[in-house]
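The figures here come from the full heavy-atom set of this structure, side chains too, leaving out hydrogens, waters and symmetry mates. By convention in this document, chain letters (A, B, ...) are assigned in the order of the sequence lines, proteins followed by strands, and residues within each chain are numbered from 1.
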2 protein chains.
Amino acid sequence: MTENDIFRALADPTRRAIFEKLATRSMNASALREGIAISQPAMSQHLTVLRNAGLVREERQGRFVNYQVDPEGLALIAQWFAKYRAYWPTRVDALKALLKDMDQ
Amino acid sequence: MTENDIFRALADPTRRAIFEKLATRSMNASALREGIAISQPAMSQHLTVLRNAGLVREERQGRFVNYQVDPEGLALIAQWFAKYRAYWPTRVDALKALLKDMDQ
DNA sequence: GAATCACATAAGTCCGTGCTTATGTGTCGG
DNA sequence: CCGACACATAAGCACGGACTTATGTGATTC
């Protein structure tokens, strides 16, 4: 689970699609395949890459494996981007709104 | 300059090193090579990738080409991460400090 | 307990990509 | 203008990665 693992995991558009789908709600590998044209082994391999990157967590439930977003990977990569926040043209207003959200 | 271009550009550790070096101060391609074991053509190719991703801007100055961080690419990718900010374990205090910095 | 299901792993193939060497293009100094 | 310099582009190669088919593993159902 290194910075490099995370960037390389997110470099693949299929894996980003998987991650984005998991961000809406946690689900198992079969459910993840719905709507994404991909074979079962390919999905399994992608999930392994995402898991090794710390972007996804797995939890066995009988013969199913439930997957969910792992905050650790996101935190690590958010830290990387924070180093360059000076270059972000982010509006202060948008940040204030975000802060308000988090306070609630 | 798509989301995919940016992620793929950042997937390479050498390109991240180049970008990080440029984030400290803008410089030309020769100066960028110092400290990074890389040939001149390889550096040129990496800079092309970073430029196409919108992560870097170039500005001709005589026979030199000065490179600097382009905020556009960072903004686009920051937007992507913002979608998953709900998963970030970011401290509210850290955000408040950031907000304070930006107000100044 | 045998078949089926959900998923992982193995092995092979193909294509993209990062490197190299060689050469091209444009700019400056003498 | 002519050599040197800063950088870009071309072409070829070698490796990694995403896919495939085939098979393995463990849990469930009847």
Side-chain angles (χ1 to χ4, degrees), chain A residues 1-22 25-70 73 77, chain B residues 1-22 25-70 73 77:
Chain A
M1 198 200 115
T2 69
E3 183 181 288
N4 199 49
D5 292 334
I6 300 174
F7 275 114
R8 303 223 327 195
L10 292 177
D12 185 77
T14 303
R15 275 194 295 268
R16 282 201 307 280
I18 293 169
F19 178 82
E20 290 173 23
K21 198 166 183 179
L22 271 184
R25 63 178 183 86
S26 67
M27 62 187 90
N28 59 49
S30 297
L32 274 171
R33 284 186 61 201
E34 292 168 16
I36 302 181
I38 197 175
S39 68
Q40 178 267 317
M43 173 59 78
S44 183
Q45 288 159 16
H46 280 310
L47 286 170
T48 299
V49 172
L50 286 169
R51 192 169 55 80
N52 288 338
L55 288 166
V56 148
R57 282 181 157 283
E58 69 174 39
E59 185 183 352
R60 263 230 163 243
Q61 286 176 351
R63 60 179 164 177
F64 295 86
V65 178
N66 198 269
Y67 284 93
Q68 56 184 305
V69 168
D70 185 346
I77 219 63
Chain B
M1 198 200 116
T2 69
E3 183 182 289
N4 199 48
D5 291 335
I6 301 174
F7 275 115
R8 303 218 332 191
L10 292 176
D12 185 78
T14 303
R15 275 195 295 267
R16 282 202 307 280
I18 293 169
F19 178 83
E20 290 174 22
K21 197 166 184 180
L22 271 185
R25 64 178 182 86
S26 67
M27 62 187 89
N28 58 48
S30 297
L32 274 171
R33 285 187 60 201
E34 292 168 16
I36 303 181
I38 198 175
S39 69
Q40 179 268 317
M43 173 59 78
S44 182
Q45 289 159 14
H46 279 311
L47 286 170
T48 299
V49 173
L50 287 169
R51 192 169 55 79
N52 288 337
L55 288 166
V56 148
R57 282 181 158 281
E58 71 174 40
E59 185 183 352
R60 260 227 167 247
Q61 287 176 352
R63 60 179 165 176
F64 295 86
V65 177
N66 198 268
Y67 284 93
Q68 57 185 307
V69 168
D70 185 346
I77 219 63

Partner residues of A:V69 under the side chain to side chain contact (heavy atoms under 4.5 Å, CB included) criterion, sequence neighbours left out: A:F19, A:L22, A:A23, A:L74, B:Y87

Side chain of B:S30 (C-beta onward), nearest among C:dC19, D:dC7, C:dG18: D:dC7

Phosphate contact (C:dA6 OP1 or OP2) by A:Y67 side-chain N/O below 4.0 Å: no

Within residues 31-41 of chain A, residues whose heavy atoms come under 4.0 Å of DNA chain D: A:S39, A:P41

Nucleic acid contacts - residues 43-62 of chain A versus DNA chain D, non-hydrogen atoms under 4.0 Å: A:Q45, A:H46, A:G62

Non-neighbouring partners of B:D5 that pass side chain to side chain donor-acceptor pair (under 3.5 Å), sequence neighbours left out: B:T2

side-chain hydrogen bond (donor to acceptor under 3.5 Å, both in side chains) pairs, two or more places apart, involving residues 27-45 of chain A: none

Listed nucleotide nearest any side-chain atom of B:R63, set C:dC19, C:dA6, C:dG26: C:dG26

Atom-pair distance (CG on A:N28; C1' on C:dA8), nearest Å: 15 Å

Contacts of type side chain to side chain contact (heavy atoms under 4.5 Å, CB included), residue B:R57, not counting sequence neighbours: B:Q68, B:D70, B:E72

Set of salt bridge (charged side-chain N to carboxylate O under 4.0 Å, His left out) partners for A:E3, sequence neighbours left out: B:R16

Sequence-distant partners of B:R51, salt bridge (charged side-chain N to carboxylate O under 4.0 Å, His left out), two or more places apart: B:E58

CZ-OG1 distance between B:R15 and B:T48, expressed to the nearest 0.5 angstrom: 10.5 Å

Spacing of A:D5 atom CG relative to D:dG16 atom P, expressed in whole Å: 15 Å

Pairing residues for B:N66 by the side chain to side chain donor-acceptor pair (under 3.5 Å) criterion, not counting sequence neighbours: B:S26

